[in-house]
Amino acid sequence: MPGRTHSDRPPALDYQKPKRPLTAIVIGAGARGNVYSSYAQKFPEELQIVGVAEPIPYRNERMAQAYGIKDEHRFVTWEHVFEVPKFADAVIVTTPDELHYGPAMAALDQGYQMILEKVIAQTWRECNDILKLARKRDAIVAVCHVMRYSPYFRQLKHVLDSGIIGEVVSVQHLEPVEHLHMAHSFVRGNWRNTEESNPMILSKSCHDTDILRWLIGKPCKRVSSFGSLRLFREEMAPEGATKRCTGGCAVERECPFSAIKEYAERKRRLSHLRLEENSDAAIRQALETGPYGRCVFHCDNDVVDHQVMNMEFEDGITAAFSMEALTTYAGRRTRFMGTMGDIVGDEWNMQVTEFGTGKRHDWNVQQHAQALLSSGHGGGDHALVRDFVQAVTRSDPSLLTSTIEASMESHLMGFMAEESRLQGGAVKTIDLKL
Ligand SMILES: NC(=O)c1ccc[n+]([C@@H]2O[C@H](COP(=O)([O-])OP(=O)(O)OC[C@H]3O[C@@H](n4cnc5c(N)ncnc54)[C@H](O)[C@@H]3O)[C@@H](O)[C@H]2O)c1
């Protein structure tokens, strides 16, 4: 089929037990670093964590304790890892977005294989630098587009490739971020500011451009995009709102975004508050002094809270995507329209209906993939690590679907969509030359 690459194929499922465990160094032992490394606790015969770079002492200590990491292989920041000779097979780069390029380039330079969190890097030039060096060093780089590994999206890919709905003609895809997730990550938190991390269409939605490109299986030719920040702005603050929820705010009790309700009372999403222990006093102090106690209308955020993107793929296939922060629900909703039928899915359930017979096939992720659902992203987080271990130990990158090569196009779609949005929706042509 024109435009297809080897990486469009679902990964081979002929699992082979490695002869020895792959050894890896975690760079950035925060939320994601702990998710991927926990694979080593479940499957120590496949993966061993032998080094860590992490500036927050309790996180560094926690990882060293959990995996028995030697003192000489514990580092404060990523640079220190590469000041000593190579001592593991791979690195897992799970530092904040603005700290991907440095460790990725240094790791490739020393000959490490790599799991690299998305986004690959903050600019298209930097993404290309990493790709070029990976090729030069013949390294296997898995980009953490974890949705490609989740049972639901694998099944969706399998259904589309089976041809049951004929040729795909059009797609409608919605990512409802959920308003409190938005407030946490993209208003108060790490991904709130374009300069410091990335535009929303990359930091949140590179998963979406990536999954659409993968499922459609053909190159994207043109994009355009609109969107803006509507709600989380100074002018939208209700009367009586103070700079912090703990600062005597007159409307805190009725505000849906109250930090006191979210963190001190419901105790949700505490890991990014970076507390050694989640005691009431420590949470209160973090809200009084740290970023997560700020009023959502008085932050230094600039990323959009709603954005739409239109895409045209090869053969005139169209896709319409909406990233929506202002929802009470999460979970991506996707509809595929084909020449012989359609698919309606919501990350849990999928209905496939054939035009000819009117026959409807129902699929539910819980019935079919229970065993894989224990890790995050519907099981995708650990499935990515498993396939990375397989790819490296068998020297076969085709066992991974989200190699850096396969991930570049969806990043370019994101960079171009943002350019389009900033230019009022101008149509941008995608001309990918890798
Ligand atoms: N694939 C996904 O679905 C997904 C989901 C969430 C986050 N992410 C990405 O994962 C990355 C990490 O996110 P997170 O939620 O784990 O953040 P986090 O803040 O929990 O973890 C990042 C860690 O990096 C450490 N760090 C900072 N500077 C460092 C340095 N110089 N050297 C070494 N370590 C350093 C921090 O102290 C922190 O512990 C980000 O790029 C984010 O965009 C991906």
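Remember, it's 1-based here, ligands and their atoms both numbered in the order they're listed. Nothing here was measured: the structure is a model prediction, and the numbers come from that model. Because only heavy atoms are used, hydrogens play no part in the values below, and waters and symmetry mates are left out as well, while side chains stay in.
- The closest non-hydrogen atom to atom 19 (O) of ligand 1, taken over R274, H80, E79, M63, comes from R274.
- Of the polar atoms of W191, at least one N or O is found under 3.5 Å from an N or O of ligand 1, judged by distance alone.
- In this structure, H145 has no heavy atom closer than 4.0 Å to ligand 1.
- A heavy-atom distance below 4.5 Å is not found between the side chains of R32 and K118.
- For the salt bridge (charged side-chain N to carboxylate O under 4.0 Å, His left out) criterion with E409, the lone passing option out of R213, K433, K218 is R213.
- Of all the listed residues (G28, A31, S203, P103), A31 holds the heavy atom that lies closest to atom 18 (P) of ligand 1.
- At a 4.0 Å heavy-atom cut-off, ligand 1 touches T94 through the backbone alone.
- Ring to ring, F226 and H306 are not that close: their centroids are 6.0 angstrom or more apart.
- At a threshold of 4.5 Å between non-hydrogen side-chain atoms, the residues M416 and W124 do not count as touching.
- Here atom 13 (O) of ligand 1 lies nearest to R32 when heavy atoms of R32, K118, K204 are compared.
- Between E419 and K428 there is a salt bridge, with a side-chain nitrogen of the basic residue lying less than 4.0 Å from a carboxylate oxygen of the acidic one.
- Near N190, meaning under 4.0 Å from one of its heavy atoms, ligand 1 places the atoms 19 (O).
- The cationic group of K157 lies under 6.0 Å from the six-membered ring centre of W214 and within 45° of the ring axis, placing it in a cation-pi geometry.
- For ligand 1, the polar-atom distance check finds an N/O of C144 within less than 3.5 Å of one of the ligand's N/O atoms.
- Contact annotation for H272 and ligand 1: only side-chain heavy atoms (C-beta onward) come within less than 4.0 Å of the ligand.
- In this structure, of E54, H207, H100, the residue bringing a heavy atom nearest to atom 36 (C) of ligand 1 is E54.
- For an aromatic pair to be called close, the ring centres must be under 6.0 Å apart, and F257 with F232 satisfies this.
- When non-hydrogen atoms are compared, ligand 1 lies under 4.0 Å from the side chain of L99 (C-beta onward) but not from its backbone.
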